[in-house]
Amino acid sequence: MKSFKLALLLSLCVITVSACQKDAPKQNVVNVQGQTMGTYYSVSVFGQDKLDAESLEAEANKAFSQVINAISTFDDSEILRFNNFKSTEPFAISPYLASVIEESRRESLRLGGAMDFTVGPLVDLWGFGPKAKPTVSPTQEQIDAAKKLVGLDKYELRRDALGNAYLVKTNPDVRLDLSTIGEGLGADLLASRLQELGITNYIVSVAGASRSLGYNASNKEFKIGIEDPDLVMKQGSGIYSVICPHGQAVSTAGSYRNYFEENGLRYSHIIDPTTGKPITHKTVSVTVVGDTAAKTDALDTGLLVLGKDEAIKWAQRNDEAIYVIYVEDGKLKAAHSRAFEKYLKCQ
Ligand code: ADP
Ligand code: MG
């Protein structure tokens with residue numbers, strides 16, 4: 001929940017200045033930008049008079065607080081308390097966290113465990129967790145020990161007759177890490193709230209996850225920029241490709257912002273649960289379009305673990321819309337699945 005991967009439509013105005021100048025705003029805009037979950041967010045609503053900037057900001061903070069209270073590994077949260085609960089007794093959790101875990105588990109199973117939110121002990125071991133900054137690789141022995149705590153069979157979600165939910169660890173040291181879907185959860189909650197309020201034109205972006213509906217101030221559909229990993233590393237920002245989400249959620253996972261280098265190898269903060277090691281392959285980002293940002297945010301991480309070839313094969317088999325940026329012969333290249341085709345076309 002740390003990087004800012006999707007540059008928004010507004011930045012697109014920087015690229016297509018003349019188009020933006022010709023299309024003078026036809027709808028009023030309320031925009032709020034800020035920080036949450038260690039990253040940046042932006043929300044804009046168009047052509048409505050229900051929310052001013054102050055109340056929009058309050059709605060955003062309310063949505064993000066719900067996510068932080070459930071899953072943060074930095075601030076006090078249900079997950080943090082569960083991780084610190086060194087016991088195999090049942091631990092009561094909120095209905096919201098229970099539904100988040102159930103949904104993430106579904107996506108994890110679809111990917112054969114490439115995205116696995118029990119990866120917490122490995123994340124901490126490699127120094128990407130809340131405790132330390134990554135500097136050197138752990139030993140194979142340490143990796144093997146941490147791997148014994150990782151896997152979807154290492155916890156159980158139980159419900160009692162009244163529907164109350166509990167998490168149970170198989171080992172007191174099991175630790176969950178749902179941070180990879182935090183941005184998606186935040187974008188989904190805020191989008192749902194805006195829809196509840198009857199707002200039909202909006203775009204929400206929390207770092208690499210976005211939700212949008214309807215039209216922008218110029219009555220045009222929203223455009224999202226997929227970051228250029230080289231430009232981001234060289235100058236902090238840059239767009240590789242522009243897509244139109246047609247009302248769907250979009251999220252990107254990348255290995256180019258959060259990593260450390262040792263002996264010429266770049267270790268990303270995305271960990272392959274099978275090897276217990278950070279990915280070091282040549283796939284640098286995966287963008288997924290789908291119904292909810294929680295789902296796309298879970299999938300992008302797992303597909304990045306699988307790497308370009310496996311990810312594209314998986315997406316073709318499952319009819320999912322994905323766009324992969326990878327390095328070949330020292331150059332960035334892109335590939336996408338069949339279902340992604342329609343997002344490359346704007347109306
Ligand atoms: P990005 O910076 O690409 O948005 P996120 O911050 O959303 O990535 O997610 C990266 C975080 O997800 C890592 O810092 C770690 O806490 C967790 N993580 C790493 N590998 C995995 C994995 N294979 N499955 C689930 N979570 C992971
Ligand atoms: Mg993700």
Side-chain angles (χ1 to χ4, degrees), residues 1 5-6 8-9 41-45 60 63-64 66-67 70-71 95-112 114-115 117 178-216 221-226 243-253 285-304 306 311-312 314-324 336-347:
M1 307 204 282
K5 283 173 270 77
L6 286 175
L8 279 187
L9 41 83
Y41 79 88
S42 163
V43 50
S44 300
V45 296
F64 302 148
Q66 186 173 346
V67 179
I71 69 155
Y96 176 66
L97 180 57
S99 69
V100 165
I101 289 176
E102 278 165 348
E103 187 178 348
S104 307
R105 183 183 181 94
R106 255 197 311 278
E107 299 309 327
S108 178
L109 290 171
R110 290 179 71 208
L111 286 174
M115 187 284 292
F117 51 84
L178 287 147
S179 53
T180 197
I181 58 161
E183 300 147 357
L185 292 172
D188 282 343
L189 281 179
L190 183 50
S192 301
R193 179 65 185 142
L194 294 176
Q195 271 165 242
E196 229 172 71
L197 292 168
I199 289 166
T200 51
N201 299 306
Y202 64 80
I203 181 158
V204 176
S205 157
V206 187
S210 83
R211 287 282 306 261
S212 57
L213 189 70
Y215 298 95
N216 66 16
E221 73 170 319
F222 295 104
K223 290 179 175 166
I224 301 261
I226 296 176
I243 65 165
C244 280
H246 308 319
Q248 293 288 86
V250 185
S251 72
T252 300
S285 81
V286 178
T287 297
V288 182
V289 182
D291 296 342
T292 70
K295 173 185 151 178
T296 61
D297 216 357
L299 290 180
D300 64 17
T301 305
L303 291 167
L304 187 58
L306 293 182
I312 292 282
W314 182 90
Q316 299 291 44
R317 262 198 326 270
N318 291 280
D319 206 26
E320 294 285 356
I322 78 163
Y323 184 95
V324 184
H336 62 267
S337 64
R338 202 175 41 240
F340 201 88
E341 204 84 11
K342 60 174 176 277
Y343 304 110
L344 293 168
K345 296 181 191 120
C346 297
Q347 281 151 14

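Just so you know, these numbers use all the heavy atoms, side chains as well, and skip hydrogens, waters and symmetry mates.
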Colleague: Taking all non-hydrogen atoms of both residues, which atom of C346 and which atom of K223 are closest, and how far apart?
Modeller: SG-CE, 4.0 Å
Colleague: Could you tell me whether the side chains of Q248 and D291 share a donor-acceptor contact shorter than 3.5 Å?
Modeller: yes
Colleague: Would you call L303 and V324 a side-chain contact if the rule is heavy atoms closer than 4.5 Å?
Modeller: no
Colleague: Can you name the nearest heavy-atom pair linking L213 to F222, along with the distance?
Modeller: O-CE1, 3.2 Å
Colleague: Would you confirm whether W314, through its side chain, and R110, through its main-chain N or O, come within 3.5 Å as a donor-acceptor pair?
Modeller: yes
Colleague: Classify the ring geometry of Y323 against F340: parallel below 30°, tilted from 30° to 60°, perpendicular beyond 60°.
Modeller: tilted
Colleague: Looking at N201 and G214, would you say the former's side chain and the latter's main chain have a donor-acceptor pair under 3.5 Å?
Modeller: no
Colleague: For H336 and L344, indicate whether the former's side chain and the latter's backbone hold a donor-acceptor pair under 3.5 Å.
Modeller: no
Colleague: Is the side chain of S251 donor-acceptor paired with the backbone N or O of G208 at a distance under 3.5 Å, no angle test?
Modeller: no
Colleague: Only pairs under 3.5 Å count here: list side-chain donor-acceptor contacts from residues 187-196, not counting sequence neighbours, and write none if there are none.
Modeller:
unit_1	atom_1	unit_2	atom_2	d
D188	OD1	R211	NH1	2.7
D188	OD1	A293	N	2.8
D188	OD2	A293	N	3.2
D188	OD2	A294	N	2.9
S192	OG	D188	O	2.9
R193	NE	E59	OE1	2.9
R193	NE	E59	OE2	3.4
R193	NH1	E196	OE1	2.5
R193	NH2	E59	OE2	3.3
Q195	OE1	Y202	OH	2.3

Colleague: How far does CG of D300 sit from OG1 of T180, to the nearest 0.5 angstrom?
Modeller: 6.0 Å
Colleague: Atom OH of residue position Y96 - does it have more than 12 heavy atoms of other residues, nucleotides or ligands inside 6.0 Å?
Modeller: yes
Colleague: Determine the minimum heavy-atom distance between A315 and S337, stating which atoms define it.
Modeller: CB-CB, 3.7 Å
